[in-house]
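Notes to accompany the following structure.
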Amino acid sequence: MSATGRRKIVVAGSGPVALEVARQLRDRGEALCLVDYDGERLEKARLAGFEVQQVNLQDDDELLSLGLGTEVDVLFSLLDNDADNVFLVISARALAPEISIVSISETEETVKRLQAAGATKVIDPYQISGYRIYEMVHRPVIAEIMDRTVFGTDVDLEIAEIPVPAGSFLDGEYLDRLSLSSRYNLVVLGVVDRDYGDHLIFATNPKRHRIDVDDVIVVIGQREELERLRKEMAGTA
Amino acid sequence: MRLSDLVIRSAYWLEESQRYRKVKRAAYDLLENPHSRIRPYFDFFMMTLVLSSVFILLYDVRHQLGHWAVKFENLVVLIFIVEYLARLWVYDDIHRHIIEVYEESELINEPFRVSRAFREILRNKWAYVSSPMAVIDFLAIFPSYRPLRILRLFLLFRLFKLFRYAQNIQEFGSVLREKQAEFFTLLTFLLFILIVGSSAIYLFESSNYGGQIHGFFEGVYWALVTLSTVGYGDITPQTFEGRLVTMVLILSGIGVISFFTSIVVSAFQEKLGEVRDRQVLSQLQKKKGYTVICGHGRVGQVVAGYLHQDRQPFVIIDENREVVMAARREGYLAVHGKAQRLGMLRKLGVGYNARRILCLTGDDVVNVYITLTARQLDEKIEIISRANHHRTMKKLMLAGASHAVEPFKVVGLIAGEYIGQPVAFEAVQGILMGQEEIALEAVRVPEGSWLDGRRVEEAPLEELRLILFGVITPLERESDHVRHHYDLRTHRFQFNPGADFVLLGEDMLLVFGHRYSILRLRHRLKT
C-alpha cells in the first residue's frame, strides 16, 4: 500500500509488538521513531535499523519535545503493560487533541479504559488471534483464503481506498452499477461518503448511493489493477 | 521336522497373520483398552455377573435352590475361566518371545534352544499371574471346588473383582496407595501396641488368675476391640493391673483412630483435583472429534468462548490449577496438567478421538514441544499453534503444525493497514470478526440443484444484494473466465470469476452480504 504523504509517526515501546508494528510501517514507507524508557531494548531496535529516542514517557515536557501536539500525526502506544499504555494515552490526548492514537490491550476491560482515555483505535491482539484460530477450526477454507489473499504477509490481493476525483468516470455513477468486476477484475465492497460520516456504506445497501467527488470507494483486487483504476480515473478527471 | 523348527515356524506364522492380530486386538479392546467403546459394556456385564453370583451364594445359606442355580454357577465360573485365560493371553505375545530368542541366538551363532524360549515365556506370564488383580481373578474361580468351608470365604473375592470393572473404586484404591508410607508407619505402631497390649492382658487377666482371658488369641481379640474404641464388653478386665492396661490401650486407640482418619482425609484432599480430572477424562472418552485446547490464557479463552457458543466439543488443559478452576466455572471441560507430556496427551485422546489440538500457551518452547508430541502420536490430527515470536513459525511448521498464528504479527498488520486505509480495513475486519450485519460466507451449490451447470451471471446475486468475492472449486478446475486463481490446500479459489464462469455441483460461492440475503440464497439453492 502506498504511503499517503510523509506523516510523522511515533511508536512508544520497544517490545516484540512494537518492533513488529515498526517493521510493518517501515515496509509501507512510513517515517517513524521508536521511543521508550528502556535503553537496552532501544539499542536492539536501533541495531535493527530504526530511529530511536530514549524518553521518559511519564514526563509531559519530554513528550512535548518529541513533537506531540505539533509535528506528530500518529502515536502508537505499544508498551508492555496496560497501565502504562492508559497513562501514556491520557497524557498524549491532553497534549494533542487532534492526533490518532492507536494502542493495544491485554484484557477486554482495558479496551474500554483505553478508549475512554482517548485512544482512536484499540487493538486486542489476543481477541483477534483467538478469533482467527476459531475461524481456522470453524471454516478453514475461508480462513485460508483470507490468509492467502488479504491478511497474510506476502499477499496478492489488497483492500484499497480509492478517492474519486472530480469529473472522473465514476463521479455521478450509482454504487451498484459500477461493474468494476468485469472492467477491472476488482470487487467493490462499498463507499465512504464523508457527508454521511466515516463508516463504510456497503455496496449491498438497499438504499442506492450516488457517488460524487470526495467519496472514497473501497475495492479488493490486485495491485496492478488498483493502479490501473487510479490512473484511468485521474485520466478522465 | 524337529520341534524347534516347528516352534519357530509357527511363531513367524503368527507374527505375519493379519487375522490373528485382529482377533487379539479385539480381545484387548474388550478387556484392557481404557479407550475402547465396547469395554464399558463388558465391565457392566461382568459386574452384574459377579453381583448375581454372590447374591445366589448368600441366598443359598437359608434356602434350597434348584439345579438351575448350580448350572448358573457353573456358567459364571466358565465365563470367569475364559476371561482369566483371555487376559493371560492378551498380556503379552508368546510368539514374539520365541522370535526374539531365536533371532538373538542367530546373531551370536548359537543353536536355538526351545527350553530357553519357554523359560522366557513363563517368566513373563508369571509376572502377570502374580499381579494382584490376577490373583483376585484366580481366587474368584478357585473356590468353586468347595469341599472346604473356609474356601467359601474366598468366593467373596468375587466382590473384589468389582475393582477391575469399576473405575471409581480403582480411583479410591489409587488415592490410598499414595499414602503407603504413612499407612505402613501406622501399621507398625498398631502391631506394636497390639502385641504389648495382648501380652499384658494375657499376663494379668488369664483365667488362671481369675480373669476372663482363656488364651492368647482371646488376648489379641480383646486388645483389638479395645484399641479400635469399639469395646464390645464381652470380656472385661477384673484386676487392677488389667484395668491399667485397658486405660493405656484406650488412650493409644484414640491416637490410632485419629491418625488413620487424618491420613485418609488428607489423601483425598490432596487428590481431589486429580479425581476431578479423571472424571473429566472419562467424560471425554464418550466424545468424538473434539478439540484439545492447550493453555487457557487470553487466546485460549477467546477460542473456547467461540467454540462453546457453537456447541462444539472441546477440552482445556492448563498448568495452572486456578485457571482450570476458572474454566470449570464457565462450564467447560478442563484438566490440570502439562500438555507437553506424552502420557497426558494420550489421556486426552490424542491419537484416538481428538480431531484437532490447539497449542495456545504463551511460551513458544512449550507450543513447539506440544506440536511435536501431538504429531508423533497422530499423523492426521490438525494442529494449530500460536507463535509468539516470528522465528518460531518455521520451527512450528517443522514440528508438524498444520497452521500457526502470530498474535504480534496480527497487531503489526492491523497497525500498518490502519495507517493506510482505516475505514476499509476496519470494515473488512468487522465482517470477518462477525461484528457487522454484513458477513462473508461460503454458500455451497448443491449437486443437481438448478444452479449446477449454470453460469455465474444466472445466480440471483444482484437480486439478493450479494457481492461475489470468488468461487471455491476443486483444485483441478480450469476456466477461461477467471483471471486469477489461488491454490489452497484442498481447494482452488477463483477470484472474481467472469459472468460466463460455469458453476458445478459442490462449488462454493464466497459472497459478502447481509445475513438475511445469504440465508435466502441458501434456501433458493435447496429447492
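For CD of Glu462(B), the number of neighbouring non-hydrogen atoms (other residues, nucleotides, ligands) closer than 6.0 Å is 12 at most.
Heavy atoms of Val411(B) lying under 4.5 Å from chain A belong to its backbone as well as its side chain. Proximity to chain A involves both the backbone and the side chain of Glu441(B), based on heavy atoms less than 4.5 angstrom apart. Contact annotation for Leu358(B): only side-chain heavy atoms (C-beta onward) come within less than 4.5 Å of a heavy atom of chain A. For a residue to count as touching a neighbouring chain, one of its non-hydrogen atoms must lie under 4.5 Å from one of that chain's; by this rule Val21(A) touches chain B with backbone and side chain alike. In this structure, the portion of Leu360(B) lying under 4.5 Å from any heavy atom of chain A is its side chain and not its backbone. With a 4.5 Å cut-off on non-hydrogen atoms, Leu19(A) does not touch chain B at all. Proximity to chain A (any heavy atom under 4.5 Å) is restricted, for Arg386(B), to the side chain, taken from C-beta onward. Contact annotation for Asp310(B): only side-chain heavy atoms (C-beta onward) come within less than 4.5 Å of a heavy atom of chain A. At a 4.5 Å heavy-atom cutoff, the contact between Tyr131(A) and chain B is made by backbone and side-chain atoms alike. Heavy atoms closer than 4.5 Å to chain B are found in both the backbone and the side chain of Val137(A).
Ranked by heavy-atom pairs under 4.5 Å with chain B, the first of Val102(A), Val192(A), Thr107(A), Ile104(A) is Thr107(A). Ranked by heavy-atom pairs under 4.5 Å with chain B, the first of His138(A), Glu135(A), Arg23(A) is His138(A). Counting heavy-atom pairs closer than 4.5 Å to chain A, the top-ranked of the candidates Gly412(B), Ser402(B), Gly470(B) is Gly412(B). Most heavy-atom pairs under 4.5 Å with chain B, from the set Val17(A), Val188(A), Val216(A): that is Val17(A). Heavy-atom pairs under 4.5 Å with chain A peak, among Ile438(B), Leu307(B), Ile472(B), at Ile438(B). Listed options Val141(A), Ile9(A), Val219(A) were ranked by heavy-atom pairs under 4.5 angstrom with chain B; first place goes to Val141(A). Of the listed residues (Thr291(B), Leu464(B), Asp487(B), Thr490(B)), the greatest number of heavy-atom pairs within a distance under 4.5 Å of chain A belongs to Asp487(B).
Nearest heavy atoms, Ile220(A) versus Phe469(B): CG2-CE1, 3.9 Å. Of all heavy-atom pairs between Arg298(B) and Glu106(A), the closest is NE-O, 2.7 Å. Residues Leu25(A) and Ala415(B) share a closest heavy-atom pair of CD2-O, 4.2 Å. When all heavy atoms of Glu20(A) and Phe408(B) are compared, the pair lying nearest together is CG-O, 3.5 Å. Shortest non-hydrogen contact noted between Ala203(A) and Arg465(B) is O-NH1, 4.1 Å. The two residues Pro125(A) and Pro407(B) come nearest to each other via the heavy atoms CB-O, 4.0 Å.
Side-chain contact between Phe495(B) and Ile145(A): absent, with no pair of heavy atoms (C-beta onward) separated by less than 4.5 Å.
Considering CZ of Arg132(A) and CD1 of Ile384(B), their distance stands at 12.0 Å, rounded to 0.5 Å. Remark: His514(B) NE2 to Phe202(A) CZ distance equals 10.5 Å, nearest 0.5 Å. Distance check: Leu488(B) CG to Ile142(A) CD1 gives 11.0 Å after rounding to the nearest 0.5 Å. Taking CZ of Phe512(B) as the reference point, atom CG of Leu189(A) lies at 4.5 Å (rounded to 0.5 Å).
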